[in-house]
Amino acid sequence: QAQPVESGGGLVQAGGSLRLSCAASGRTFNTFAMGWFRQAPGREREFVAAITWSSGVTFYADSVKGRFTISRDNAKNTVYLQMNSLKPEDTAVYYCAVRTYTGNVRVLNDYRYWGQGTQVTVSS
């Protein structure tokens, strides 16, 4: 199975930037897409961004469009999330996930493998 491992979270002031990384180890040959989701305290986990593995097509939540950029390095089995112009409402645990079949990449339940998450805190 593919096991994603996130890194790069931390504390940053509003307006600052962070870059998250997610390295997928194990059986990654059947990856259709990789996605980033986030969960703030007391809220449901929500879609942030996704990228299809072979063609590199990207998808974003409206709340992060224009501020966040998702990219991938196929040779390293790694996906990145560059987060700029961060806001306090971006504070959450960010999770990386692997999707193994086609469909709507925004649907959380269709992702098969999940990382442990990395905390992102944006201070005002």
Side-chain angles (χ1 to χ4, degrees):
Q1 63 183 29
Q3 180 58 51
V5 179
E6 306 96 338
S7 61
L11 173 64
V12 64
Q13 288 188 333
S17 299
L18 281 175
R19 189 174 86 151
L20 305 183
S21 299
C22 174
S25 61
R27 297 178 52 164
T28 59
F29 61 88
N30 58 346
T31 297
F32 169 71
M34 291 185 71
W36 286 98
F37 293 78
R38 67 186 182 187
Q39 187 167 18
R43 302 190 64 177
E44 293 187 351
R45 195 170 298 188
E46 64 177 4
F47 170 77
V48 175
I51 187 167
T52 58
W53 204 241
S54 61
S55 58
V57 177
T58 58
F59 304 82
Y60 296 95
D62 288 343
S63 59
V64 307
K65 199 173 296 183
R67 300 187 298 123
F68 291 10
T69 302
I70 189 170
S71 61
R72 80 206 193 290
D73 184 331
N74 294 57
K76 296 181 179 179
N77 289 331
T78 299
V79 64
Y80 305 96
L81 186 68
Q82 178 66 43
M83 305 186 295
N84 299 329
S85 302
L86 282 162
K87 306 175 181 179
E89 51 263 45
D90 293 319
T91 295
V93 177
Y94 283 70
Y95 297 90
C96 175
V98 176
R99 183 188 177 102
T100 58
Y101 56 90
T102 62
N104 187 343
V105 297
R106 300 171 187 271
V107 177
L108 182 153
N109 291 337
D110 289 345
Y111 283 77
R112 183 170 185 180
Y113 305 110
W114 289 83
Q116 295 300 307
T118 185
Q119 177 70 46
V120 171
T121 303
V122 184
S123 63
S124 57

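Between the side chain of R99 and the backbone N or O of A33, no donor-acceptor pair lies under 3.5 Å. Side chain of R106 to backbone of Y60: a donor-acceptor contact under 3.5 angstrom is found. Judged by distance alone, the side chain of T52 and the main-chain N or O of V57 form a donor-acceptor pair under 3.5 Å. E6 contributes a side-chain N or O that, together with a main-chain N or O of G117, makes up a donor-acceptor pair within less than 3.5 Å. The closest donor-acceptor contact from the side chain of Y113 to the backbone of C96 lies at 3.5 Å or more, if one exists at all. Although no hydrogens or angles enter the test, the distance criterion places no donor-acceptor pair under 3.5 Å between the side chain of Y80 and the main chain of D73.
Shown here for R43 and Q39, the closest heavy-atom pair between the two residues is O-NE2, 3.1 Å. Nearest heavy-atom pair across P4 and V98 is CG-CG2, 3.8 Å. Contact between S55 and R72 at its shortest, heavy atoms only, is C-NH2, 4.0 Å. What you find for Y111 and W114 is that their closest heavy atoms are O-NE1, 3.2 Å. Closest non-hydrogen pair, S85 versus S17, comes out as N-OG, 4.4 Å. Residues V122 and T91 approach most closely at N-OG1, 2.9 Å, considering heavy atoms.
Residues L86 and F68 are in side-chain contact: their nearest non-hydrogen atoms beyond the backbone lie under 4.5 Å apart. In this structure, the side chains of W53 and N77 come closer than 4.5 Å at one or more pairs of heavy atoms. Between R38 and S63, the closest side-chain pair of non-hydrogen atoms falls below 4.5 Å.
The NZ atom of K87 sits 14.0 Å away from atom OG of S124, with the distance rounded to the nearest 0.5 Å. Put simply, CD1 on I51 and OG1 on T69 are 10.0 Å apart, with the number rounded to the nearest 0.5 Å.
Ion pair D62/K65 flagged as a salt bridge, since at least one NZ, NE, NH1 or NH2 atom sits closer than 4.0 Å to an Asp/Glu carboxylate oxygen.
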>> Evaluate D90 against R67 for side chain to side chain contact (heavy atoms under 4.5 Å, CB included), listing each step before the verdict.
In response: CA-CA 11 Å; D90 293 319; R67 300 187 298 123; 2.7 Å; yes
>> Test side chain to side chain contact (heavy atoms under 4.5 Å, CB included) on Y101 and R112; report intermediate values, then the result.
In response: CA-CA 9 Å; Y101 56 90; R112 183 170 185 180; over 6 Å; no
>> side chain to side chain contact (heavy atoms under 4.5 Å, CB included), that's the test. Do M83 and V120 meet it? Break it down for me.
In response: CA-CA 10 Å; M83 305 186 295; V120 171; 3.9 Å; yes
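Enclosure of atom CZ in R45 by more than 12 non-hydrogen atoms of other residues, nucleotides or ligands within 6.0 angstrom is indicated. The neighbour count for Q116 CD, taken as heavy atoms of other residues, nucleotides or ligands under 6.0 Å away, does not exceed 12.
Between F37 and the options Y95, F47, Y94, a ring-ring contact (aromatic ring centres under 6.0 Å, His included) holds for only F47. For the side chain to side chain contact (heavy atoms under 4.5 Å, CB included) test with V79, the passing option among I70, N74, L20 is I70; the others fail.
Linking ILVMFWY residues whenever their side-chain heavy atoms come closer than 4.5 Å, directly or via other members, leaves V105 and W36 in distinct clusters. Clustering ILVMFWY residues whenever any of their side-chain heavy atoms sit less than 4.5 angstrom apart, transitively, puts L81 in the very cluster that holds L18. Linking Ile, Leu, Val, Met, Phe, Trp and Tyr residues whenever their side-chain heavy atoms come within less than 4.5 Å leaves M34 and L108 in two separate clusters.
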